[in-house]
Amino acid sequence: MPTIFARIIRGELPSDMVYQDELVTAFRDINPIAPVHILIVPNKHIPTVNDLTEEDEQVMGRMLLVAKKLAAAEGIAESGYRLMVNCNRDGGQEVFHVHMHLMGGRPLGPMLLRR
Ligand code: AMP
């Protein structure tokens with residue numbers, strides 16, 4: 001099933017889009033948890049990381065390169081940032097269209113809280 005992100009990519013829903021090319025789109029998270037919180041998504045609908053195939057190598061590489069460029073453009077390359085991709089229930093995935101979170105602009109603390 002296409003998701004809300006598919007409609008953002010096609011321009012059917014409003015978003016604060018910061019980048020788009022033939023493979024990926026990036027827009028600001030609607031509910032940011034850091035001063036910089038951008039989602040980088042493949043234009044092609046891929047539900048989860050579990051659905052990736054070798055055909056998707058190029059788009060996944062592009063997502064990382066776009067994250068790097070956006071981090072520089074947002075002024076957080078030197079201070080640092082976190083890239084995160086959630087998968088399924090235990091990963092906390094809410095939108096089933098693969099996306100990479102680019103977060104920074106403040107110290108983000110430990111990767112996970114210890115329980
Ligand atoms: P995840 O939990 O990894 O699936 O992350 C989904 C992210 O999508 C959350 O951080 C949401 O705040 C974000 N989100 C949901 N709907 C929108 C939207 N319409 N525009 C921008 N970000 C959204």
Side-chain angles (χ1 to χ4, degrees):
M1 281 287 286
T3 64
I4 199 161
F5 290 175
R7 299 188 62 204
I8 288 174
I9 291 162
R10 291 197 294 262
E12 294 169 5
L13 278 183
S15 73
D16 190 352
M17 196 180 286
V18 292
Y19 180 87
Q20 188 164 49
D21 66 22
E22 81 284 9
L23 290 180
V24 307
T25 300
F27 48 92
R28 294 189 196 279
D29 196 291
I30 204 167
N31 191 17
I33 59 170
V36 175
H37 188 171
I38 293 171
L39 302 176
I40 303 155
V41 310
N43 294 341
K44 168 186 170 186
H45 180 235
I46 307 167
T48 80
V49 169
N50 290 339
D51 301 299
L52 291 173
T53 69
E54 288 182 10
E55 277 182 17
D56 302 317
E57 273 186 16
Q58 191 189 7
V59 69
M60 296 308 290
R62 181 72 60 87
M63 285 166 67
L64 268 176
L65 286 173
V66 168
K68 173 197 141 174
K69 287 179 191 160
L70 290 175
E74 296 285 323
I76 59 170
E78 294 309 317
S79 54
Y81 51 91
R82 183 169 295 157
L83 300 174
M84 190 174 79
V85 182
N86 295 323
C87 182
N88 278 345
R89 185 185 59 244
D90 283 0
Q93 184 174 6
E94 291 173 358
V95 179
F96 286 82
H97 184 131
V98 165
H99 50 282
M100 181 181 286
H101 297 256
L102 164 62
M103 297 164 291
R106 67 167 172 83
L108 295 171
M111 187 170 68
L112 287 177
L113 292 177
R114 291 190 185 278
R115 293 189 176 221

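In listed order, ligands and their atoms are each counted from 1. Keep in mind the model is a prediction, meaning the values are calculated, not measured.
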What does the 4.0 Å heavy-atom contact list look like for ligand 1? Ile4, Phe5, Ile8, Phe27, Arg28, Asp29, Ile30, Asn31, Leu39, Asn86, Gly92, Gln93, Glu94, Val95, His99, His101

Among all residues two or more places apart in sequence or in another chain, which pass the ring-ring contact (aromatic ring centres under 6.0 Å, His included) test with His101? His37, His99

Enter the distance from Glu55:CD to Ile46:CD1 here, rounded to the nearest 0.5 Å. 9.5 Å

Below 3.5 Å, can you tabulate the donor-acceptor pairs from side chains in residues 75-83 to any protein atom, sequence neighbours excluded?
{"from": "Ser79", "atom 1": "OG", "to": "Ile76", "atom 2": "O", "distance (Å)": "3.4"}
{"from": "Arg82", "atom 1": "NH2", "to": "Gly109", "atom 2": "O", "distance (Å)": "2.7"}

Are Met103 and Asp29 packed together at the side-chain level, in the sense that at least one heavy-atom pair is separated by less than 4.5 angstrom? no

How would you list, by chain and number, every residue that makes a salt bridge (charged side-chain N to carboxylate O under 4.0 Å, His left out) with Glu12, sequence neighbours excluded? Arg7, Arg10

Working note: Gln20 + Ile9, criterion side chain to side chain contact (heavy atoms under 4.5 Å, CB included); need CA distance, chi angles, decisive distance, verdict. CA-CA 8 Å; Gln20 188 164 49; Ile9 291 162; 3.8 Å; yes

